[in-house]
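Inspection log for the structure reproduced underneath, given as structure tokens.
Remember, predicted model here, so these are calculated numbers, not experimental data. Order of the sequence lines fixes the chain letters, A, B, ..., with proteins taken first and strands second; residue numbering starts at 1 for each chain.
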2 protein chains.
Amino acid sequence: MHRSLTPKGEATRARIIEGAAQVLRESNVVSATLDDIRQQTGTSKSQLFHYFPEGKDQLLLAVAQYEADRVLDDQQPYLSCLTSWDAWYQWRDVVVERYRSQGDTCPLSALFLQIGRTTPGARAVVVELLKRWQAELAAGIRAMRDGGHLPASYDVDEAAAALLAGVQGGVSIMMSTGRSTHLEAAIDVGIRHLRMGGRELARP
Amino acid sequence: MHRSLTPKGEATRARIIEGAAQVLRESNVVSATLDDIRQQTGTSKSQLFHYFPEGKDQLLLAVAQYEADRVLDDQQPYLSCLTSWDAWYQWRDVVVERYRSQGDTCPLSALFLQIGRTTPGARAVVVELLKRWQAELAAGIRAMRDGGHLPASYDVDEAAAALLAGVQGGVSIMMSTGRSTHLEAAIDVGIRHLRMGGRELARP
DNA sequence: CCTAAAATGAACTGGGAAGTCCATTTTTAG
DNA sequence: CTAAAAATGGACTTCCCAGTTCATTTTAGG
């Protein structure tokens, strides 16, 4: 990516990403300018282009990657050990609290809208995030199944997909309404569905 | 709203909104300019400001309202008569098909990002849409309950909220991945949960 | 008809924001 | 120590796009 970066350069680059992330969280992504970022990070215009030669989009993509990494980190250690019903409820509380405190800003969705979902890089970041997220949920469900809390025939991947969709939608609705009702309902109903063992009736 | 609008003016105004909607669906919202809309609708700059004196934001908000109205319309007549399991599955198919054909563009989420969620008008549009959508789902669930397909104690509003969140998240994931897997899983699991009667265990 | 209001066309303005350039300072490595 | 490479400062350029202005054409209504 870079031929050489001194420790100082590395630090500056990191500072730019973190500062940019903060600016994007505070102001609207659309209206955030390079000058805002420059001011926030205490850098000069030439530095921004020194570290991100392809310009603003490259910087925004780096911020998106940074934010994507944080999404799962913020759910740890709970997300990785969904091995009891109690753990599931703890995870629930962490997720709700994380997004509630975030308020009505979703840096990621905003960023992707700005960069364009179709950009290969942008799509890769979000797809990778969703994939890892769903894998963690699936692992948790599988653990419950193997622990005998769910029937052996249970469709783990479908349940994980549905739960992930619920969380995404709950967050997205919270952005608009400012209320966490839907996020809570989605997770609660999702967990309850697990606890019922998801016995299904055939589609007529 | 307007002191007087001749039929011709009315038609032009409508043409602007529809043309703008089309432009916003085809290109990225962020990069769409008034000149694009002007060209698409065969109007002049002064006409845009004649019909939307407050400028671009006002026009975008009108487009958002237009798109919001279409969201529920496109689900009719199925959304309004969810009175049998068969009807639920028909609705499911319509929703999946609607969003699948829409591809990876979500005019609404893009618009709201651009206008800013905090703008009173913008927030009102999306909140109203969600409210009506959820009310329709709740009516359907209530119908099933009253028809004896669900226990009388069933929490209709929570189920409707969770289902709506699932749909939202499924659509949002489809935007990123291009696949309808999650949307289908969310709705399927949601309906299945209904069919199981949503019997719940107490939270420990 | 005829006049006032509404609708339209098109050139123009002003500002803001991305991106460039080059001089200067700092760091690295031999 | 010193020369090359990296990091930094900040003014400057360029251009795009929202919004304005005003003249002209069309429509409505008495």
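A straight line from CZ of A:R13 to P of D:dA6 spans 15 Å, rounded to a whole angstrom. A:H50 places its NE2 atom 12 Å from the C1' atom of C:dT27, with the value rounded to the nearest Å. B:D57 has its CG atom 16 Å from the P atom of D:dC17, to the nearest Å. C:dT20 atom C1' lies 16 Å from atom CD of A:E54, rounded to whole Å. Residue A:R38 contributes atom CZ, which lies 12 Å from atom P of C:dA17 at whole-angstrom precision. Straight-line distance from the CD atom of A:E10 to the P atom of D:dA6: 13 Å, rounded to whole Å. When rounded to the nearest whole Å, the span between CZ of B:F49 and P of C:dA11 equals 17 Å. A:D35 places its CG atom 7 Å from the P atom of C:dA18, with the value rounded to the nearest Å.
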Quiz item: Using a cut-off of 4.0 Å between protein heavy atoms and nucleotide atoms, how would you tag nucleotides 21-30 of chain D 5' to 3' with B, S and -?
Solution: B----SSS--

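Listed by first and then second residue, the salt bridge (charged side-chain N to carboxylate O under 4.0 Å, His left out) pairs that reach into residues 27-40 of chain A are A:D35-A:R38, sequence neighbours excluded. For residues 23-34 of chain B, the salt bridge (charged side-chain N to carboxylate O under 4.0 Å, His left out) pairs, not counting sequence neighbours, are B:R25-B:E67.
Every residue meeting the side-chain contact (heavy atoms from CB on, under 4.5 Å) condition with A:A186, not counting sequence neighbours, appears here in chain and number order: B:A165. For B:S180, the side-chain hydrogen bond (donor to acceptor under 3.5 Å, both in side chains) partners two or more places apart in sequence, or in a different chain, are B:R100, B:E184.
The side chain of A:S44 sits closest to D:dT8 out of D:dT8, D:dA18, C:dA18.
For B:S4 and C:dA5, the shortest distance from a side-chain N or O to OP1 or OP2 is not below 4.0 Å. Neither OP1 nor OP2 of C:dA6 sits under 4.0 Å from any side-chain N or O of B:Y51. For B:Q47 and C:dT8, the shortest distance from a side-chain N or O to OP1 or OP2 is below 4.0 Å.
Between A:Q90 and A:D86, the side chains place no donor N or O within less than 3.5 Å of an acceptor N or O (distance only, hydrogens not considered). B:Q168 and A:H182 are not linked by any side-chain donor-acceptor pair at a separation below 3.5 angstrom, with hydrogens and angles left out of the test.
Residues A:M174 and A:R179 have side chains not in contact (no heavy-atom distance under 4.5 Å, counting atoms from C-beta outward).
A salt bridge between A:R192 and B:E158 is present, with a side-chain N of the basic residue lying under 4.0 Å from a carboxylate O of the acidic one.
Ring geometry, B:W88 versus B:W85: the interplanar angle falls from 30° to 60°, so the pair is classed tilted.
For the helix from C:dC1-D:dG30 to C:dG30-D:dC1, the rotation axes defined at the first and last 5 base pairs enclose an angle of 20°, given to the nearest 10°.
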